[in-house]
Every structure is written in C-alpha cells, then in structure tokens.
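For reference, the structure discussed in these notes is given below.
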Amino acid sequence: MSSNLAERRAAVLGPNVPTFYDSPVHLVKGEGVWAWDADGCKYLDCYNNVPHVGHCHPHVVAAIATQAAKLNTHTRYLHSGIVDYCERLTAKFQTQVDQVIMVCSGSEANDIALRMAQAMTGKTGLIATDNTYHGNTMAVSQLSSRKPPIGGYASHIRHIPAPDSLRPVGGTADGQAAAFAQELQTAIDDLEASGHGFSGFVFCPTFANEGLPDLPRNFMKPAEQVVKAAGGILIADEVQPGFGRCGETWWGHEWLGISPDVVTLGKPMANGHPVAAVVARAEVMAKFRSAFGYFNTFGGNPVSCAAAAATLDVIEQDNLIENAKSVGAVFLHELHSIEHPSIASRRGRGLFLALELETDGAADADLAAHVVEFARNHGLLMGRTGRNRNVLKLRPPMPFSNENVAMACDILQAAFKT
C-alpha cells in the first residue's frame, strides 16, 4: 500500500519531492508525542517541532473547529481574534518588538524581514551564515546553503563562517564570539565597498541548521554590537527555537541576552496549522509599511488566530517551557551515558538536542544515517543536520516526558551497538 502511494505521489507531485527515511513512513494518526503509520506501527516522535504542544492537541483542535464553524475571512475586515492574539504574543517579548504581521509560513516571514531591513536602511546588502536555511522564497533562498540559486548567489548577499563546536571560527572556543563578529564586520565592510551597503544580518539563535553548536550565553553580544554600530537590522529567525523550546525563556534570542529589531516565527506557532509571523519594532514596521504595499490573504485569518491562541494557552497552562528545561536536562544527561567512539559531542538546550558523529577525525554521515534509519525501524522518529549531515537532531514535541527520554535513549543505545 505504501509503495503504491509513493508511486502515485511521485507521479502527481513530480520528482525529488523529499521524504524522510529509506522506506518512507506513511503516517495516518498522531496523539501527543506519538504517531502511527498505516500498518499500525507506533512511533515516538523525536523530530517534530510542528505539533509543538503535541499531535492533535484537543484544545487546539477544538479552537480550530469552533472558529471554522463560525467565520473565516481575511484581515481587511475588523476581527478581534488577530488583535487579541497579537497583544498576547507581543507581551511575551522582553524587548521593543511590539508590532506584528501574520503570514502563513516561515519563508514568508523571513522574506518580509529582509524587506524590512532594506526599507529601514535604504540599502540592500544582506548577511547570513554559510550553513543555514531560512526558507524557500526567491529572496530567502539566496541565504540558504542547501542548493546554490540558479546563476549563483546574488551580488548583494554575503555568507560568513557558521559557529562550530568542534572547529570554532577563529580556531578556539574562547575566541569564537570575537572571531565570528570580525567575520561579520568584514562582510559588512565588503558590502559597503561594493555599493550595495549593509541592511541586515539574519540568524537562528540556536544556529539549528548549522548543527546546534554549544555556545555560551554571551556569544552573540559582539555580533550584535557590530550590526548596530553599522546601522543594520538584526533579524532573529525563531522558527525552530521559539515558543519555549530551549527552556527557561520564550525565545532563543532572549536566552542570548540580545535585542533583535525583527523576529520571525513559524512552525510551532499554531501546532501544525499554517501560521507564521514577523514581530518588529514600531519604527521598522512603519518604514516597511510605507515602502511596500503588503497584504497576505490568509495571514491572520480568524481560524489561524484561534489555533495560535490555543497553542499559547497550552504552553502556559501545562508549563511546557519549564517541562522543556527539566526534561531536556534529563535527556542531555542520558545522552552522555551512550558510549560510542564516534560520538564527538553531545549538546542541547531544553528540548533541542544533538549528537555530533566523527570517525577518525572526519564527519561520519554514514553512521548518522544508520542511526536515523535504525531508530525509524525501532519506533523512534528523528533526523540529522549540520554541514556534513553528521549531527543527529532530537527535537520532540514539548510535552515529552522522562519516560519518553528513557525509551528514546534505549533505542539510540541499541542503534550504536549494531
């Protein structure tokens, strides 16, 4: 059945549409931290930050159904849902980002953020790391390193070396923050000399696609100072770390102690319903609104706002940020009990964890692929990331428990023994 479905999928969706795993999983049901396939096999989900508060959470499902049965339309009519939600959302920020544009995907949010930087500065140059991903519109794909754009990267784009746990920028862990900031300054100087000028730097506060490097809290302080001294806009892409995943704080940039001008949100925002947002300082929003006639038909519709508000309810009522902190600490401790000579680093922040694999001093993507496939075949869904795809990525829904940790680590332990 699944093979026939895969053939039909390829026929109607076209070639090279990605699936996970050598034998794709045909999921038919989800509940909490669990998912089931068409054959009735049950999987512990250690991959998904989309169902942030758990697959098919009844409170979120009820909010969607109730609002869908009442009204759903675009935002050119007045509706209290978007106002109520955005007031709640902006209250979660400790900095001066306090105005919101709601959209449908993180790609759209980051696309807007880039235009905000250009509107605010009157310049076009943009900087990201050399091993990142911020979406798939034409503009943000210029920042991403997965596949170079047709014709190569645009002349107003610069990439700087991504921070790294095992091979720090500048050569030492203690000097990495300063070296990273210097790379940023060099890129800014180059953009200014080129005539494009510098408009903004976009980054993920956990550097998730870069491999989730283990960085100190003050790591981004020198980079923040460089961006602001140059008159640029600092853009924090919170699509992966946001909404409390890292434990302790609502946002990754808050943990770092920095104040971005623009924050982008996505995947976990409404527990799988397609909702995303840009949150910006009022001055930045005003410049953007005067420079672009932006409207998003589905962004901020009443059903999406109901889903997003219900997701906030669950995070708050179930103390899921504290859960991410406490369970994440147990998870990281248990990962340290897994012994294998190729585990070069174990690291994590809250419910976002990584194991970096190297054999004889070289990235071991084959071992990482083996572990991911073994886990899938034994009831655990996980992924891999990093420059060389040798970093195991564990990013479960926020209600993950210590019992779930024990099961996940048992499977991982077995994977490394085979």
Side-chain angles (χ1 to χ4, degrees), residues 95-97 101 107 109-135 137-145 148-149 151-163 169-170 176-205 207 209-210 218-239 252-253 256-264 278-292 294:
T95 56
Q96 294 180 339
V97 290
I101 297 177
S107 294
N110 282 321
D111 189 280
I112 290 172
L114 301 187
R115 285 190 271 176
M116 284 181 166
Q118 293 174 339
M120 190 67 185
T121 62
K123 300 176 180 180
T124 59
L126 295 160
I127 302 173
T129 78
D130 64 354
N131 188 44
T132 191
Y133 174 77
H134 294 288
T137 69
M138 182 171 285
V140 297
S141 66
Q142 290 282 336
L143 304 174
S144 302
S145 55
Y153 290 102
S155 61
H156 69 289
I157 300 296
R158 298 291 183 275
H159 295 93
I160 62 174
V169 179
Q176 181 164 216
F180 182 75
Q182 183 55 56
E183 293 284 354
L184 183 55
Q185 183 66 63
T186 300
I188 290 170
D189 293 343
D190 189 40
L191 283 170
E192 293 291 345
S194 73
H196 293 293
F198 170 57
S199 69
F201 173 59
V202 57
F203 74 105
C204 167
F207 296 95
N209 287 290
E210 291 87 337
N218 63 357
F219 176 79
M220 279 296 296
K221 286 285 190 180
E224 178 186 34
Q225 292 168 4
V226 165
V227 171
K228 296 193 173 181
I233 297 301
L234 186 63
I235 302 166
D237 180 344
E238 292 276 1
V239 169
H253 71 264
L256 289 168
I258 60 174
S259 300
D261 302 288
V262 178
V263 177
T264 57
V278 187
V279 190
R281 292 192 293 109
E283 182 186 7
V284 176
M285 186 69 77
K287 287 284 189 180
F288 172 79
R289 287 297 192 184
S290 66
F292 297 96
Y294 186 83

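Small disclaimer: the values here were computed from a predicted structure and weren't measured.
- In terms of heavy-atom proximity, Val262 sits nearest to Ala113 at CG1-CB, 3.8 Å.
- Of all the heavy atoms in Ala181 and Ala223, the pair that sits closest is CB-N, 3.8 Å.
- Within the 4.5 Å cutoff, no side-chain heavy atoms of Ile127 are placed close to those of Glu183.
- Note: Phe292 CZ to Gln118 CD = 6.5 Å, rounded to the nearest 0.5 Å.
- Listed for the Arg281 side chain is no donor-acceptor partner under 3.5 Å among the backbone atoms of Pro260.
- Ring geometry for Phe219 against Phe207 counts as perpendicular: the plane angle is over 60°, on a 0 to 90° scale with 30° as the lower cut.
- In this structure, Phe201 and Phe203 have parallel ring planes: the angle between them is below the 30° cut-off, well short of the 60° mark.
- Put simply, the side chain of Gln176 gets close to the backbone of Val169: a donor and an acceptor are under 3.5 Å apart.
- At a threshold of 4.5 Å between non-hydrogen side-chain atoms, the residues Arg115 and Val278 do not count as touching.
- The NE2 atom of His156 sits 9.0 Å away from the CG atom of Leu191 when rounded to the nearest 0.5 Å.
- Looking at every heavy atom in both residues, Asp237 comes nearest to Thr264 through CA-OG1, 3.1 Å.
- Side chain of Ser199 to main chain of Gly125: a donor-acceptor pair is present (N/O by atom type, distance under 3.5 Å, no hydrogens or angles).
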Table please: side-chain donor-acceptor pairs of residues 225-232 below 3.5 Å, with sequence neighbours left out.
residue : atom : partner : partner atom : Å
Lys228  : NZ   : Glu224  : OE2          : 3.4
Lys228  : NZ   : Ser259  : O            : 2.6

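- Scored by the ring-ring contact (aromatic ring centres under 6.0 Å, His included) test, His159 finds Tyr153 as partners (sequence neighbours excluded).
- Taking all atoms of both residues into account, the shortest heavy-atom contact from Pro149 to Ser141 is CG-O, 4.2 Å.
- Expressed to the nearest 0.5 Å, how far CG of Leu143 lies from CG of Leu126 amounts to 6.5 Å.
- Between His253 atom NE2 and Ile235 atom CD1 the span is 13.5 Å, to the nearest 0.5 Å.
- Put simply, CD on Gln142 and OG1 on Thr137 are 9.5 Å apart, with the number rounded to the nearest 0.5 Å.
- Put simply, CD1 on Ile233 and CD on Glu283 are 7.5 Å apart, with the number rounded to the nearest 0.5 Å.
- Side chains of Phe288 and Met120 form no contact here, defined as non-hydrogen atoms less than 4.5 Å apart.
- With sequence neighbours left out, the side-chain contact (heavy atoms from CB on, under 4.5 Å) criterion links Glu192 to Lys123, Ile188, Phe198.
- Listed here is the closest heavy atom pair of Pro205 and Gly252: CB-C, 3.5 Å.
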